[in-house]
Amino acid sequence: QVQLVESGGGLVQPGGSLRLSCAASGSIFRIYAMNWYRQAPGKGRDLVASFDSGGSTNYADSVKGRFTISRDNAKNTAYLQMNSLKPEDTAVYFCNAAVAVSYSDLPPKNYWGQGTQVTVSS
């Protein structure tokens, strides 16, 4: 009943910027948390940034000061603003959200998007 769709990935030069979007659609009662993960070839899937309903944010040390997570509750959309991109940021970026489809749908369930490719290269 819930879908997450990422967009905004692409090829950029080192030092460039991208803004990723994650749009949630379907039967949504409440979104409790939204997160961004990334997975490089041959690597595990790592948490990059998180944003919960209490307003707390958290960033991996490797992206702190360069990436910013935000959310537009009215649009059920999360964003990841990525500045000063480095080649080591190259990965598939995934959106993850904890979503309840009704008041009784507790605890909320985790949903994943399909991923969007970010490549940083000259």
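- Two residues are said to be in side-chain contact when any heavy atoms from C-beta on lie closer than 4.5 Å; Asn76 and Ser25 fail this criterion.
- With sequence neighbours excluded, the residues satisfying side chain to side chain donor-acceptor pair (under 3.5 Å) with Ser62 are Arg38.
- Considering all non-hydrogen atoms of both residues, Thr77 and Ser21 come closest at CG2-CB, 4.5 Å.
- Applying the ring-ring contact (aromatic ring centres under 6.0 Å, His included) test to every pair with at least one member in residues 54-87, sequence neighbours left out, gives no pairs at all.
- With a 4.5 Å cut-off on side-chain heavy atoms, Gln114 and Val5 count as touching.
- Neither Trp36 nor Tyr111 shares a network with the other; the hydrophobic side chains, linked directly or stepwise wherever heavy atoms of I, L, V, M, F, W or Y lie under 4.5 Å apart, form separate groups for each.
- Between Thr68 atom OG1 and Asn83 atom CG the span is 6.5 Å, to the nearest 0.5 Å.
- Residues passing the ring-ring contact (aromatic ring centres under 6.0 Å, His included) test with Tyr37, sequence neighbours excluded: Trp112.
- To the nearest 0.5 Å, atom CD of residue Gln81 and atom CD1 of residue Ile69 are 12.5 Å apart.
- Follow the hydrophobic side-chain contacts under 4.5 Å out from Val63 and you never reach Leu47; the two are in separate clusters.
- Rounding to the nearest 0.5 Å places CZ of Phe51 at 11.5 Å from CD1 of Ile31.
- In this structure the side chain of Asp89 reaches within 4.5 angstrom of the side chain of Arg66, judged on heavy atoms.
- Hydrophobic cluster membership is shared by Tyr93 and Val120, with clusters built from Ile, Leu, Val, Met, Phe, Trp and Tyr side chains linked at under 4.5 angstrom.
- For Gln1, the side chain to side chain donor-acceptor pair (under 3.5 Å) test picks out no residue, with sequence neighbours left out.
- A 4.5 Å side-chain heavy-atom check between Thr90 and Gln117 finds at least one atom pair inside the cut-off.
- The two residues Ala100 and Pro108 come nearest to each other via the heavy atoms N-CB, 4.1 Å.
- One distance of note links CZ of Arg19 with OG of Ser17; it measures 12.0 Å at 0.5 Å rounding.
- We find the CG-OH distance between Leu106 and Tyr32 to be 5.0 Å, quoted to the nearest 0.5 Å.
- Of all heavy-atom pairs between Ala24 and Leu4, the closest is CB-CD2, 3.5 Å.
- Sorted by first then second residue, the disulfide bond (SG atoms under 2.5 Å apart) pairs that include residues 38-78, not counting sequence neighbours, number zero.
- Applying the disulfide bond (SG atoms under 2.5 Å apart) rule to pairs touching residues 14-98 yields Cys22-Cys95, sequence neighbours excluded.
- Here the closest non-hydrogen pair linking Asn110 and Asn96 is CB-ND2, 4.0 Å.
- Under the 4.5 Å side-chain heavy-atom criterion for ILVMFWY residues, a single connected hydrophobic cluster contains both Leu20 and Val48.
- The number of heavy atoms from other shown groups lying within 6.0 Å of CD (Glu88) is above 12.
- Across all non-hydrogen atoms, the minimal contact from Val118 to Gly9 is CG2-CA, 4.2 Å.
- One finds the CG atom of Leu80 at 11.0 Å from the CD atom of Glu6 (value rounded to the nearest 0.5 Å).
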